[in-house]
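Below you'll find the structure, written out as structure tokens, and then a few comments.
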Amino acid sequence: MEPRNQTSISEFILLGLSEKTEMEPLLFALFLGMYVITVVGNLLIILAISSDSHLHTPMYFFLANLSLVDFGLATNTVPKMLVNIQTKSKFISYPCCLTQMYFFHFFGIVDSVLIAAMAYDRFVAICHPLHYATIMSPRLCGLLAGGPWVFSYFISLTHILLMVHLVFCGNKIPHYFCDLNPLLRLSCTDTSVNKIFVLIVAGMVIATPFLCILASYARIIVAIMQVPSAGGRKKAFSTCSSHLSVVALFYGTTIGVYLCPSSVRTAVKEKASAVMYTAVTPMLNPFIYSLRNRDINGALRKLINRKITSSSYPPGHLGVSG
């Protein structure tokens, strides 16, 4: 028997964050501003780290990867919502919907595992400082950063392969992008396999990294409390504060969406959580990591000054002495 596409829907309608049309101009301006800040902030972090040799360390290597993932996560969802608001069209084709869902899960999984890898990096730096360079070798850093991309590729692809076998009896998605749970609710066929796979994946890519982070910081706290000087303890805590803020923002929302019982989830709560980890968190991460980080601030100033200097030559000046 030849495989066939069982889907009875050729396109979906994204209802967006609000069905009130008078709210759309405000939402457009708000999310456009957030997206511009996200793009500029994360790209500046990547450029600053790549251009400053002093920042070619495991911690900043993971941070550059996180900024790249945050850029991808926001770009996958926010521009489509802005286009829908601007064109007054809420339609998205079935292939585009599955593509958006694929990349949403792809970047989300990489994000989660990278945050756990960053916690491990802080654990080694604080609990095993003498062996840090040996443990966090370039090979291990490459595996910790590259492994999530490969792993996420197969997990996200499996989600899509399971989704294409479903028949959809409705096409109105109460969301501003194609997320997994709202799509499963539109199916009029058995989705038990999909739901089981969602729980398995959530356990692997949300619960397990989160527990690893908690274990890492439990050891970190014990190690910090053994530091004799108050100044040393404060410095050690300050190196972890930025990462802890990101952990709270990311896992505080994803756990509520994918690990809480469906009886306590509503469309409004899911949309609010999605805004946090697709728009707010990617926008805030560059600020969280740069405001209290002298190395990042210094690299950003060098980068900006270099751009200003290179563009300050008078017209016709080629910068060549004759």
Side-chain angles (χ1 to χ4, degrees), residues 1-17 31 35 68-87 89-113 148-206 253-254 257-259 262 265 267 270-271 273-275 277-279 282:
M1 181 181 295
E2 294 183 358
R4 62 187 180 91
N5 188 1
Q6 295 179 310
T7 305
S8 57
I9 300 294
S10 61
E11 60 184 12
F12 294 98
I13 300 174
L14 295 171
L15 299 181
L17 286 173
F31 278 86
Y35 181 67
L68 179 61
V69 172
D70 283 339
F71 169 75
L73 189 61
T75 300
N76 181 56
T77 55
V78 178
K80 175 59 178 174
M81 182 186 68
L82 296 176
V83 170
N84 287 355
I85 293 175
Q86 187 67 20
T87 61
S89 173
K90 297 184 178 182
F91 291 97
I92 183 171
S93 67
Y94 177 73
C96 288
C97 185
L98 291 187
T99 302
Q100 188 180 56
M101 191 183 78
Y102 171 84
F103 282 106
F104 168 70
H105 286 279
F106 176 81
F107 288 119
I109 291 170
V110 177
D111 210 344
S112 179
V113 182
W149 293 82
V150 178
F151 173 72
S152 182
Y153 166 79
F154 290 105
I155 294 297
S156 303
L157 183 61
T158 305
H159 272 306
I160 301 303
L161 294 177
L162 290 173
M163 187 66 66
V164 297
H165 293 289
L166 300 180
V167 176
F168 298 98
C169 299
N171 69 339
K172 292 184 178 180
I173 303 176
H175 217 310
Y176 65 96
F177 67 94
C178 290
D179 197 2
L180 184 62
N181 288 326
L183 276 173
L184 291 180
R185 296 191 195 104
L186 294 178
S187 174
C188 49
T189 50
D190 184 23
T191 59
S192 56
V193 175
N194 300 73
K195 292 178 180 178
I196 291 172
F197 187 67
V198 169
L199 289 176
I200 293 173
V201 172
M204 289 192 299
V205 304
I206 298 177
T253 52
T254 54
V257 173
Y258 293 101
L259 290 177
S262 58
R265 294 200 305 261
E270 285 187 351
K271 285 190 284 188
S273 298
V275 168
Y277 58 75
T278 62

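FYI, side chains are in, hydrogens and waters are out, and symmetry mates aren't considered; it's all heavy atoms of this structure. Not measured: the values here are computed from a predicted model.
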Checking Lys271 side chain against Gly16 main chain: does a donor-acceptor pair fall under 3.5 Å? yes

Would you say Cys178 and Leu14 make side-chain contact, with heavy atoms under 4.5 Å? yes

Tell me, please, which residues at least two apart from Ile200 pass side chain to side chain contact (heavy atoms under 4.5 Å, CB included). Ile196, Met204

Can you check whether Val167's main-chain N or O pairs, donor with acceptor, with Ser187's side chain at less than 3.5 Å? yes

Report the distance from atom CE of Met101 to atom CD1 of Ile92, rounding to the nearest 0.5 Å. 11.0 Å

Compare every heavy atom of Phe31 with every heavy atom of Ala279, then report the nearest pair and how far apart it is. CB-CE2, 4.0 Å

Starting at CG of Leu15, measure out to CZ of Phe12 and round the result to the nearest 0.5 Å. 12.0 Å

Any idea how Trp149 and Phe107 line up, ring-wise: parallel (<30°), tilted (30 to 60°), or perpendicular (>60°)? perpendicular

Other residues, nucleotides, ligands: >12 heavy atoms within 6.0 Å of Lys80 NZ: yes

Are Lys195 and Asp190 close enough that some pair of their side-chain heavy atoms sits under 4.5 Å apart? no

Would you say Thr191's side chain and Asn194's backbone share a donor-acceptor pair under 3.5 angstrom? no

Under 4.5 Å between any side-chain heavy atoms of Asn171 and Tyr94, yes or no? no

Taking the inter-plane angle between the rings of Phe177 and Phe104 on a 0 to 90° scale, is it parallel (under 30°), tilted (30 to 60°) or perpendicular (over 60°)? tilted

How close do Ala74 and Pro282 get, heavy atom to heavy atom, and via which atoms? CB-CB, 4.4 Å

Which pair of non-hydrogen atoms, one from Leu186 and one from Lys172, has the smallest distance, and what is that distance? CD2-O, 3.5 Å

When Met81 is tested against each of Asn84, Ile85, Val83 for side chain to side chain contact (heavy atoms under 4.5 Å, CB included), which residue passes? Ile85

Got more than 12 heavy atoms from elsewhere within 6.0 Å of OH, Tyr102? yes

What are the two closest heavy atoms between Leu183 and Cys97, and how far apart are they? CD1-SG, 4.0 Å

Search all heavy atoms of Pro182 against all heavy atoms of Ile173 and return the closest pair with its distance. CB-CG2, 3.8 Å

Identify each donor-acceptor pair in which a side-chain atom of residues 154-162 lies under 3.5 Å from a protein atom, sequence neighbours left out, and give them as a table.
{"unit_1": "Ser156", "atom_1": "OG", "unit_2": "Phe106", "atom_2": "N", "d": "3.1"}
{"unit_1": "Ser156", "atom_1": "OG", "unit_2": "Ser152", "atom_2": "O", "d": "2.9"}
{"unit_1": "Thr158", "atom_1": "OG1", "unit_2": "Phe154", "atom_2": "O", "d": "2.8"}

Mind checking the OG1-CG spacing from Thr278 to Asp70? Nearest 0.5 Å is all I need. 10.5 Å

